[in-house]
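Sequence lines set the chain letters: A, B, ... in the order given, protein chains first and strands last, and positions in each chain run from 1.
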4 protein chains.
Amino acid sequence: MIISIDAASGLAIYDQIVRQIKFAIASEVLLPGELIPSVREMAKQTAVNPNTVSRAYRELQSEGILDIVRGTGLQVTTGAVRKCRKDRQGLIQERLRAVLKEAQQSQLEVDEIRQLIDSELARLNGKGTAE
Amino acid sequence: MIISIDAASGLAIYDQIVRQIKFAIASEVLLPGELIPSVREMAKQTAVNPNTVSRAYRELQSEGILDIVRGTGLQVTTGAVRKCRKDRQGLIQERLRAVLKEAQQSQLEVDEIRQLIDSELARLNGKGTAE
Amino acid sequence: MIISIDAASGLAIYDQIVRQIKFAIASEVLLPGELIPSVREMAKQTAVNPNTVSRAYRELQSEGILDIVRGTGLQVTTGAVRKCRKDRQGLIQERLRAVLKEAQQSQLEVDEIRQLIDSELARLNGKGTAE
Amino acid sequence: MIISIDAASGLAIYDQIVRQIKFAIASEVLLPGELIPSVREMAKQTAVNPNTVSRAYRELQSEGILDIVRGTGLQVTTGAVRKCRKDRQGLIQERLRAVLKEAQQSQLEVDEIRQLIDSELARLNGKGTAE
DNA sequence: GTGGTCTAGACCACC
DNA sequence: GTGGTCTAGACCACG
């Protein structure tokens with residue numbers, strides 16, 4: 001599982017971690033029962049302070065998505081997949097809605113918005129395919 | 001000009017005001033030379049703290065989009081339209097890109113993403129038409 | 001509202017704060033709509049690090065007991081009283097149960113346990129009355 | 001001797017073991033000279049990590065309650081009974097005091113607290129009798 | 001002034 | 001090794 005942090009995005013780092021882990025579980029990159037990377041390991045991998053990682057993990061625990069195995073690590077719970085699947089679309093939708101609402105408010109022509117969307121999707125796919 | 005604030009969106013309120021005023025100028029809802037609503041009036045209309053409105057106006061002044069007319073108020077500068085037009089697409093694109101990138105990272109099927117986009121666009125247009 | 005922290009109790013400090021605030025709300029010492037003491041003020045009063053207070057407040061927020069009023073402080077929500085009332089007995093019961101279970105396991109005579117309870121209750125009441 | 005561990009209680013597992021062994025000695029369920037269950041056996045019986053059991057035993061050794069018999073195991077020392085008897089009431093009292101103090105702080109009516117205590121005692125006795 | 005976030009570094013309990 | 005807790009101190013956004 002690869003977590004990529006964009007410190008300049010304006011989104012809280014801990015929240016980026018939370019969301020990406022939910023997505024990983026939703027798409028079964030992380031499976032129930034599996035141990036997620038340790039706080040220290042994730043901190044090293046993402047170049048983020050361990051406390052920040054810990055906060056993200058705590059959040060996931062309080063949502064019932066992770067379970068502590070004392071002295072061993074944090075485990076994906078059995079109910080996590082369903083919960084994360086359910087969350088995934090909502091998380092994306094929420095942000096998408098805000099952006100599209102703003103796009104509309106900007107009085108850009110609908111065509112221009114669609115064009116922007118298409119070019120960005122193409123850009124992402126191109127990138128994804130290229131790598 | 002109607003400014004609508006979404007306090008729950010997590011986005012900075014002053015920034016929502018800044019962006020929406022830029023959009024209003026770009027689409028010539030606000031014209032050069034025109035006075036924008038006073039801090040007090042805008043604060044009342046948007047139910048936002050006057051200090052926050054003031055901060056947004058200060059930001060726009062420092063970008064050369066608004067001009068102080070002593071004893072009268074703030075007016076849109078002559079160069080504002082071109083500047084805001086130039087900004088508009090970039091501001092939207094930046095946010096759109098971040099959202100679509102996350103959508104892709106979430107491993108949602110491209111079809112599902114497109115579906116979400118279409119349903120949100122329809123929702124917005126429906127709302128816009130209805131009102 | 002007075003929060004008293006016992007650092008030697010073994011209970012997490014943030015949790016002591018959470019519980020005592022819940023109790024204050026349950027017994028209407030803190031009322032819905034009221035602002036609770038600021039993070040810095042509470043930190044000063046309890047001689048605890050502001051981060052620790054902040055964590056307690058965040059926990060209460062995520063349980064829907066506190067609400068943020070941007071730039072102003074944290075407010076007791078309208079639903080908080082019911083929620084805290086419901087929690088209160090459970091929180092006490094949980095700890096009481098554990099202690100009594102251990103007391104029983106210790107093979108102390110039931111009479112001895114009752115005697116201990118009575119003497120502790122008397123001690124507390126005496127103290128409470130005296131002060 | 002039956003040791004029952006409550007992993008969800010938040011109390012240190014090794015301490016639960018220490019205390020219950022002390023109680024067993026105080027009530028002469030474990031007699032001086034007797035060998036206590038091996039680390040491995042105790043670990044199996046309680047479903048606890050052997051290291052944790054080992055730590056508890058080490059603690060009891062350092063308090064002079066257990067004695068190592070080389071190649072054989074750990075036995076209860078002759079002075080243990082007196083020591084554990086002396087400790088027992090204090091250990092219970094300490095916890096009881098903390099819980100009752102919190103109960104009082106919670107502004108629950110004294111009657112309600114007594115009711116809780118009685119129902120918990122009844123519950124425990126009922127359970128104890130049933131088994 | 002308010003809370004939110006992040007970093008850095010410490011100590012503890014458990015495996 | 002694991003996570004949990006706490007402290008100290010910095011910076012930001014909002015009112």
Side-chain angles (χ1 to χ4, degrees), chain A residues 5 7 10-17 35-43 46-62 66-75, chain B residues 5 7 10-18 39 43 47-56 59, chain C residues 5 7 10-17 35-43 46-62 66-75, chain D residues 5 7 10-18 39 43 47-56 59:
Chain A
I5 299 302
L11 275 174
I13 292 174
Y14 82 90
D15 199 40
Q16 295 182 47
I17 298 175
L35 290 174
I36 63 168
S38 77
V39 169
R40 290 159 174 89
E41 193 186 320
M42 178 64 81
T46 53
V48 155
N49 187 286
N51 262 324
T52 304
V53 176
S54 182
R55 175 165 175 193
Y57 285 7
R58 201 187 312 136
E59 174 78 22
L60 289 163
Q61 258 184 90
S62 77
L66 297 182
D67 226 9
I68 192 171
V69 186
R70 290 172 67 143
T72 304
L74 292 162
Q75 199 181 38
Chain B
I5 299 302
L11 298 170
I13 290 172
Y14 85 96
D15 199 43
Q16 295 182 47
I17 297 174
V18 166
V39 168
V48 154
N49 188 294
N51 273 322
T52 304
V53 175
S54 179
R55 170 156 182 202
E59 172 81 20
Chain C
I5 299 301
L11 274 174
I13 291 174
Y14 82 91
D15 199 42
Q16 295 181 48
I17 297 175
L35 290 173
I36 63 168
S38 78
V39 169
R40 291 160 174 88
E41 193 187 319
M42 178 65 80
T46 52
V48 155
N49 188 286
N51 262 324
T52 304
V53 176
S54 183
R55 173 164 178 195
Y57 285 7
R58 201 188 314 137
E59 174 78 23
L60 289 163
Q61 259 184 90
S62 77
L66 296 182
D67 226 9
I68 191 170
V69 186
R70 289 172 64 145
T72 303
L74 292 162
Q75 198 180 40
Chain D
I5 300 301
L11 298 170
I13 290 173
Y14 86 94
D15 199 42
Q16 294 183 47
I17 298 175
V18 167
V39 168
V48 155
N49 188 293
N51 273 322
T52 305
V53 175
S54 180
R55 168 153 183 206
E59 172 81 21

Comparing nearest nucleotides in DNA chain F, the 5'-proximal residue of the pair C/Gln16, B/Asp15 is C/Gln16

Testing F/dT7, E/dT7, F/dG3 for proximity to the side chain of A/Thr52, the answer is E/dT7

How long is the span from the CG atom in A/Asp67 to the CG atom in A/Leu60, to the nearest 0.5 Å?
-> 12.0 Å

Provide, to the nearest angstrom, the distance between the CG atom belonging to C/Leu35 and the P atom belonging to E/dG1.
-> 16 Å

Measuring from A/Thr52:OG1 to A/Tyr14:OH, what's the distance to the nearest 0.5 Å?
-> 10.5 Å

What integer distance in Å separates A/Arg58:CZ from E/dC6:P?
-> 12 Å

A/Glu59 CD to E/dT5 P: how many Å, rounded?
-> 10 Å

Reading 5' to 3' through nucleotides 8-13 of chain E, protein heavy-atom contacts under 4.0 Å coded B for base, S for sugar-phosphate only, - for none = BB---S

Could you tell me the separation between the CD atom of C/Gln75 and the C1' atom of E/dG3, rounded to a whole number of Å?
-> 14 Å

Atom CG of A/Asp67 and atom C1' of F/dG4 are separated, to the nearest Å, by 15 Å

Rounded to the nearest angstrom, tell me the gap between atom CG in C/Leu11 and atom P in F/dT5.
-> 11 Å

Starting at atom CG of C/Leu60, determine the distance to atom P of E/dG3, rounded to an integer number of angstrom.
-> 13 Å

Whether A/Thr46 side chain and A/Met42 backbone form a donor-acceptor pair below 3.5 Å | yes

Is the phosphate of F/dG1, meaning OP1 or OP2, less than 4.0 Å from a side-chain N or O of A/Ser38?
-> no

Specify the separation, in whole Å, of atom CD1 of B/Ile5 and atom C1' of F/dC14.
-> 13 Å

CD1 of A/Ile5 to CG of A/Leu11, rounded to nearest 0.5 Å, is 10.0 Å

Determine the contact category for A/Val48: base if any of its heavy atoms lies under 4.0 Å from a base atom, sugar-phosphate if only primed atoms, P, OP1 or OP2 are that close, otherwise nothing.
-> sugar-phosphate

Presence of A/Thr72 side-chain N/O under 4.0 Å of F/dG1 phosphate oxygens OP1/OP2 = no

Does A/Ile36 offer a backbone N or O that forms a donor-acceptor pair with the side chain of A/Gln75 under 3.5 Å?
-> no

Does D/Val18 offer a backbone N or O that forms a donor-acceptor pair with the side chain of D/Glu59 under 3.5 Å?
-> no

Residues in salt bridge (charged side-chain N to carboxylate O under 4.0 Å, His left out) with C/Asp15, at least two apart?
-> none

Counting only side-chain N and O atoms of C/Gln61, is one of them less than 4.0 Å from OP1 or OP2 of E/dG3?
-> no

Between the CG atom in A/Asn51 and the CZ atom in A/Arg58, the distance rounded to the nearest 0.5 Å is 8.0 Å

Just need the stems in DNA chain F: three or more back-to-back Watson-Crick or G-U pairs, each with both distances under 3.5 angstrom, sorted by first number.
-> E:1-14 with F:1-14

